[in-house]
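Only one structure is covered here, and it is reproduced in the block below.
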There are 2 protein chains.
Amino acid sequence: MASIKDVAARAGVSVATVSRVLNDHPSVSADARTRVLAAVEALGYRPNAVARSLRTDQTRTLGLVISDVMNPYFTELARSVEEEARALGYSVIIGNADERPDLQDHHVTTLLDRRIDGLLVSPTDGGSPRMLDAARTGTPMVFVDRWIPGVDVPVVRSDGRGAVRDLVAHLYGLGHRRLAIIAGPAATTTGRERVDAFREALGAYGLALPDAYIGQGDFQADSGRRVTEGFLDLAEPPEVVFAADNLMALGALDAVRARGLRVPDDIALAAFDDIPWFVHTDPPVTAVAQPTRELGRAAVRALVDRVEGRPGASVTLPARLVVRRSCGEPTPPQSPSPVRRSTS
Amino acid sequence: MASIKDVAARAGVSVATVSRVLNDHPSVSADARTRVLAAVEALGYRPNAVARSLRTDQTRTLGLVISDVMNPYFTELARSVEEEARALGYSVIIGNADERPDLQDHHVTTLLDRRIDGLLVSPTDGGSPRMLDAARTGTPMVFVDRWIPGVDVPVVRSDGRGAVRDLVAHLYGLGHRRLAIIAGPAATTTGRERVDAFREALGAYGLALPDAYIGQGDFQADSGRRVTEGFLDLAEPPEVVFAADNLMALGALDAVRARGLRVPDDIALAAFDDIPWFVHTDPPVTAVAQPTRELGRAAVRALVDRVEGRPGASVTLPARLVVRRSCGEPTPPQSPSPVRRSTS
DNA sequence: ATCCTCCGTGTAATCGATTCCACGAGGAGG
DNA sequence: CCTCCTCGTGGAATCGATTACACGGAGGAT
């Protein structure tokens, strides 16, 4: 592969001049410039990014460590991150932690070894040693979706409180009183927050959230299945199951179906994180939708701000409720329409 | 960030010795080794992968350029690729082409600029200039899922012929005679092959595949919707729509539902590429399942073989049919059971 | 005792870029 | 005509590693 020396030789100039042309530095004569460009063309030369990074101490690369690529929410997040990064002249390297702290640490380590300019993380747990280290030693860093309390790093996330309140109002309006939640891991902020928001919203209607109605999941489908089975085995099973992510909702759907029960007739279901597939499930699933694209863009902008020496602030965007049929009869249409009988 | 020099100074040895310890070269005294290790520990030193890559001319990184990350099939492929690569001591950088040749080229270029050791590609089109160039100039490369005829690069893919034959048999057995297909882009091998396999299988039952029953899609949901609407507008609409990928199947499902029609009663639906969500759609979708995980692993193994100087062979794995309810009455169980009436 | 080997170590070249500094030519100003 | 800038250019240092080569000392063989 041709190097800058080959180009210099062919153009009859020094490597310094070639470098200047490549980085369009002003003081190069028009003549030299054309000769260099011709040589570059002829040799199909492309600068070696590795060498360039070593010298300039910047890779124009961002690292993104997410909890689980197979989760459509994170896939979409990753996509929007890459899009925005590309627009800003950066590449992104994705590390999939698969909800495993050890894997998360592995990716943070290799990313740091590669001297990425900045790190975007959606932490799987309370914070692995390497990550905390990176945050402390000043690697530009931004948390997205989930974060770690007490670590001084901007956080880009969405606030689901409003949407969860809307959800509970919707459920209450449909006559549901026994509401259960499949929580995410307590080590994650989203795992805790969603339970808190749910409990708080319930409180506004004078409803409690008994421990038996809080199932411990891990954001994976299997745990949703397991927890739901537990709910169904209760002497007084809940009327609604609210899954703290889409994968656990899928597991819940499985469990309900495996018992020969139907959603929403026998038990209602709602989920955090809306995804395209929820439109097509049987029945379509009511969900709290995060502004995923905007989250990704905002996170990249905050990170690049930090990388380039600007402040880089935290951002919180509101989530919103998307009502479908998995919790019962949809709300009646606004326009005049035939009277509907309640399903209760 | 500490460099090898700092470690050398602290351990009271030369950088050469430090390097030897790090790469566990045999000729280092036990004493020097412990002192170096202690210094490494104390400084929290991690070798700079950029510098190392420049010197050794290898990055231990693989590039993966896929057509569309949002497609669960490719997400799963990407995941298994990363897994296998990690097991073999490599990292992978994913480039999402979004079915756009220009984006594909962008990613191939930046990947090559970074001097990745090998490239895994699922080409979006007939082959962008940079990619063809890379193949010609000897960059270790392997095609996965899709490939480009005439380019001398190993191909790891799955053969859907058998499964498509099974699908047609299934459909024929259900009494369906007018079968249509939503094809992928003709520029992709999978786009063409799936149509060919379908036509061939139809031929075995004396069925033709008229042009009107071949809709041109682009592997995205929208095109599936559009094509399906076209089919439904036909004077004699097909009884079955076979989508050449899962996203177009989703679009087809949308289109059918938007007309107030039902699957499979009014029109049957089948898809290429099985995904977890197909179990939960209304109705569950019959699909041709590729051995995605194995494909990813095999592709990485073939690529790493090439990277490390071994031959690196093509691999073709069979796909299989997964029957669900979207094409009509499921096949009767094997065990003795009441006689069933045909749905025809 | 002498010579040869082998082992552990350090010096320095190298990878491919960027960039500081020096230098020569040419133009402007005195 | 001389001096001083400015401009374009090249030489060389540098980034942080790896590794060929040289060298000194210890130990074995004769």
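These numbers come from a predicted model, not from an experiment. Chain A is the first sequence line, chain B the second, and so forth, proteins listed ahead of strands; every chain is numbered from 1.
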A:Leu54 CG to D:dT14 P: how many Å, rounded? 14 Å
Across the strands shown, which category fits A:Val13 at heavy-atom distances under 4.0 angstrom: base, sugar-phosphate, nothing? sugar-phosphate
Salt-bridge criterion met for A:Arg301 and A:Asp305 (N-O under 4.0 Å): no
B:Ala32 near the nucleic acid: base, sugar-phosphate alone, or nothing, with a heavy-atom cut-off under 4.0 Å? sugar-phosphate
Residue whose closest nucleotide on DNA chain C lies nearer the 5' end, A:Ile4 versus B:Ser14: B:Ser14
No-hydrogen, no-angle side-chain donor-acceptor test under 3.5 Å, B:Glu83 and A:Asn96: no
Taking all non-hydrogen atoms of both residues into account, name the closest pair between B:Ser314 and B:Pro154 and its distance. OG-CA, 3.3 Å
Just so I know, are the side chains of B:Ser91 and B:Arg60 near enough to count as touching, which here means a heavy-atom distance under 4.5 Å? no
Using atom CZ of A:Arg35 as one end and atom P of D:dG8 as the other, report the distance to the nearest whole Å. 14 Å
Could you tell me whether A:Ser29 contacts a base, only the sugar-phosphate backbone, or nothing, with contacts defined as non-hydrogen atoms closer than 4.0 Å? sugar-phosphate
Using only heavy-atom distances, determine whether the side chains of A:Arg157 and A:Thr190 contain a donor-acceptor pair under 3.5 Å. no
At a heavy-atom distance below 4.0 Å, which nucleotide of DNA chain C is the first touched by chain B, and which is the last? C:dG8 to C:dG16
By side-chain hydrogen bond (donor to acceptor under 3.5 Å, both in side chains), A:Arg192 pairs with (sequence neighbours left out) none
Using side-chain contact (heavy atoms from CB on, under 4.5 Å) as the criterion, list what pairs up with B:Ser53, not counting sequence neighbours. A:Val50, B:Thr59
Only one of B:Leu112, B:Leu111, B:Thr110 forms a side-chain contact (heavy atoms from CB on, under 4.5 Å) with B:Val108, so which one is it? B:Leu112
Angle between the end axes of the helix from C:dA1-D:dT30 to C:dG30-D:dC1, five pairs per end, to the nearest 10 degrees? 50°
Quick test of your reading: applying side-chain hydrogen bond (donor to acceptor under 3.5 Å, both in side chains), list the pairs with at least one residue in residues 1-10 of chain B, sequence neighbours left out, ordered by first then second residue. none
Quick one, give me the B/S/- string for nucleotides 19-28 of chain D, reading 5' to 3', where B means a protein heavy atom under 4.0 Å from the base and S means that only happens at the primed atoms, P, OP1 or OP2. B---------
Between B:Phe74 and B:Asp68, the two heavy atoms sitting closest are CB-O, 3.4 Å
Residue pair A:Gln220 / A:Asp245, side-chain donor-acceptor N/O under 3.5 Å: no
